[in-house]
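Here the structure is laid out as structure tokens; the discussion comes afterwards.
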Amino acid sequence: MSSRLFVALCLVPLAIFALTFLALPIVRLILSSGEGEAGWGIYLQILQTPRYLTTLVQTVLVSLAVTLVALSVSTTAGVFLTRNRFRGRAVLLSILTLPLAFPGVVVGFMIILLGGRQGLFNAILPGHVVFAYSIFGLFLGYLYFSIPRVLLTVMAAAEKIDPALEEAARTLGAPQHRVVLDVLLPALSPALIAAGAIAFATAMGAFGTAFTLATDIDVLPMVIYTEFTLSANIAMAAALSVCLGVVTWAILFVARMFSGTTVAAGG
Amino acid sequence: MQLAITLLAAAFLLVPTIQSVLAGLTVNYFQGLKSGLTLQWVIEVWRLYSGSIFLSMGIALACLVVTLIIGVPAAYAMARNPGRMTRALEEFISLPLAIPGLALALALLQLYGSYKGFRLSWTFILVGHVLYTLPFMVRSVMSVLAAIDLKTLEEGAASLGAGPVRRFIDIVIPNALPGILAGALTVVTLSIGEFNLTWMLHTPYLKTLPVGLADSYASMRLEIASAYTLIFFVMIVPLLLAMQWASARAQRMTQ
């Protein structure tokens, strides 16, 4: 057997699998979205139906808020952990990255433990403090799984920045906030864009967390789920899925052009 | 200030996990720790849900076998032919990382939902898990193979008379091992925790661990849900630590 033939054969299992279970199902999904009563006009219908439009806006707003907060928290923590060596640093780092492997449902449960009816805040604060099932609970849930993702990306980039640059700026008399604004953030910006895109795309598509928390909050994945299971509105569920998939893929694609690999996954 | 934010973030992530561990081990969470510690909830969870735990382990192992068979040879072929085609293929098989699991599951259901024999079997869930984990295996192996001088090694072996299959087994696989290990741990960790696809693909008779978790969050008392989560943590945390160790090791090799 020639070497070239062997290398080609190595790709065959992947090609068969990707064609059967990735390419064809995606084509089927796109076709399904046009098979409803409205035909391809269904995409216009999304924009014309207030419920879908509100959902879309709400999902984008929550995801944006999560992205901004996760970026500021994780950048602060990430830069701090790269710049300082102290006892307990490794433990702190583990705590901040372990939730990476928690499925969205578990993250939802974590928020219920904090802000649910039997939650920590309800137990220690006077009055009835229950926020787990509100949009704020959803925000906290998304933040929970975004912090580790953003942190890892930021830290990988922060380790590559030469501390001498900051020292130089300080020697020239720059106050701390100027050092951060003029040296640190510009050097980190590709990583921040990538991390922000990961956080945003993950939050947009997060189903598990929303499923546990958001029984009456309309976010896009929940609406797709109810359209499919309760209303049996297959075409609309397919159309909304296509929109969601295109948006999250495009965001990550653009982000990858700014900096190396991005892995969203989960939520 | 920086330290305060770091500690606050860590507390936000850590406190509920501790709560869940404690709640899973206390007699009555509402009364608190003074009601005493017990293993009764863990035993109860085992009685109710042990099937889901074994199903998840089985699917994770099957998923590992499939991703090894599909992913390792493919990563080799892609590392041998770097170029635009390979990048496009990598981008394509990575789509399941960018497209939400819910949308992918809908796509699979639309196409294969009517083939009942397939739809109702555990292999339907397996397909979803392979879709989602395969890119991690391929990328992990590819990055290690890209860092070594594969061509020279293979030419050397070929000049000594080794055919392509022999070279793959004796040269490519041993050299790719750190990447295969990192990829394998990632695949198992992600498969055990996968929910978004699985929730749509599962049947009432085939519940994986995260599906069982969602079920217990919705319908069981807090202690049982917590004990179940505790079992999940005990499974996933060592896997995640091993995965981070193996990935860091594989990454050091590529630098």
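No hydrogens, no waters, no symmetry mates; every other heavy atom, side chains included, goes into these values. In what follows, chains carry the letters A, B, and so on, assigned in the order in which the sequence lines appear, proteins first and then strands, with residues in each chain numbered from 1.
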- Contact origin within A:A23 toward chain B - heavy atom pairs under 4.5 Å: both

- Bottom line for A:L24: the part with an atom under 4.5 Å from chain B's heavy atoms is both

- Okay, A:L240 and chain B: the region with an atom under 4.5 Å from a heavy atom over there is neither

- Note on the structure: Ranked by heavy-atom pairs below 4.5 Å to chain A, first place among B:E194, B:M200, B:Q19, B:M243 goes to B:Q19

- Can you tell me if OH on B:Y115 sees more than 12 non-hydrogen neighbours from other groups inside 6.0 Å? no

- What part of B:L3 is in contact with chain A, defined as an atom under 4.5 angstrom from a non-hydrogen atom: side chain, backbone, both or neither? both

- Item | Contacting region of A:P99 [heavy-atom separation from chain B under 4.5 Å] | side chain

- Query: At a heavy-atom separation under 4.5 Å, does A:S2 approach chain B through its side chain, its backbone, both, or neither?
  - Reply: backbone

- Task: Counting only heavy atoms closer than 4.5 Å, note whether B:V211 contacts chain A via side chain, backbone, both or neither.
- Result: neither

- Which atoms of A:F17 approach chain B - backbone, side chain, both or neither, heavy atom under 4.5 Å: side chain

- Please look at A:L31 and chain B and tell me whether the side chain, the backbone, both or neither of the residue comes under 4.5 angstrom of a heavy atom of that chain. neither

- Message: What part of B:F12 gets within 4.5 angstrom of chain A, counting heavy atoms only: side chain, backbone, both, or neither?
- Response: both

- The interface call for A:T212 against chain B, heavy-atom contacts under 4.5 Å, is side chain

- Task: Tell me, for B:V15 versus chain A, whether the close heavy atoms (under 4.5 Å) come from the side chain, the backbone, both or neither.
- Result: side chain

- Message: Is B:Q244 close to chain A through its backbone or its side chain, or both, or neither, when contacts mean heavy atoms under 4.5 Å?
- Response: side chain

- Turns out that what part of B:L104 lies under 4.5 Å from chain A's heavy atoms comes down to side chain

- For B:T229, is it the side chain, the backbone, both or neither that has a heavy atom under 4.5 Å from a heavy atom of chain A? side chain

- Between B:S191 and B:H129, is there a donor-acceptor pair closer than 3.5 Å when you use the side chain of the first and the backbone of the second? no

- So, the part of B:I192 with a heavy atom under 4.5 Å from chain A: the answer is neither

- Message: I'd like to verify something: which residue of B:I99, B:I69, B:V237 has the highest number of heavy-atom pairs under 4.5 Å with chain A?
- Response: B:I99

- Message: At a 4.5 Å cut-off on heavy atoms, which part of A:F228 comes close to chain B: side chain, backbone, both, or neither?
- Response: side chain

- Query: Under a 4.5 Å heavy-atom cut-off, does chain A meet the side chain of B:L213, its backbone, both or neither?
  - Reply: side chain

- Contact part of A:I234 toward chain B, heavy-atom cut-off under 4.5 Å: side chain, backbone, both or neither? side chain

- Closest non-hydrogen atoms of A:M155 and A:T82, given as atom of the first, atom of the second and distance, are O-CG2, 4.0 Å

- Task: Sort A:T97 into side chain, backbone, both or neither according to what part of it lies under 4.5 angstrom from a heavy atom of chain B.
- Result: both

- Side chain from CB out, backbone as N, CA, C, O: work out which of these in B:A75 comes under 4.5 Å of a heavy atom of chain A, or both, or neither. neither

- Message: Please classify the contact of B:S94 with chain A as side chain, backbone, both or neither, using a heavy-atom distance under 4.5 Å.
- Response: neither

- Largest heavy-atom contact set with chain A, pairs under 4.5 Å, which of B:I70, B:L89, B:L111, B:L13: B:L13

- Please flag which part of B:F232 lies under 4.5 Å from any non-hydrogen atom of chain A: side chain, backbone, both or neither. side chain

- Would you mind checking which part of B:T189 comes under 4.5 Å of any heavy atom in chain A, side chain (CB onward), backbone (N, CA, C, O), both or neither? side chain

- Note on the structure: Per-residue tally against chain A (heavy atom, under 4.5 Å) across B:L8, B:T17, B:I236 peaks at B:T17

- Message: Surrounding CZ of A:R4 (heavy atoms of other residues, nucleotides or ligands, distance under 6.0 Å), is the total greater than 12?
- Response: no

- Crowding at CZ, B:F92 (>12 non-hydrogen neighbours, <6.0 Å): yes

- Counting only heavy atoms not in B:R166, do more than 12 sit closer than 6.0 Å to its CZ atom? no

- Under 4.5 Å from any heavy atom of chain A - which part of B:L131: both

- Query: Less than 6.0 Å separating the ring centroids of B:Y112 and B:F124?
  - Reply: no

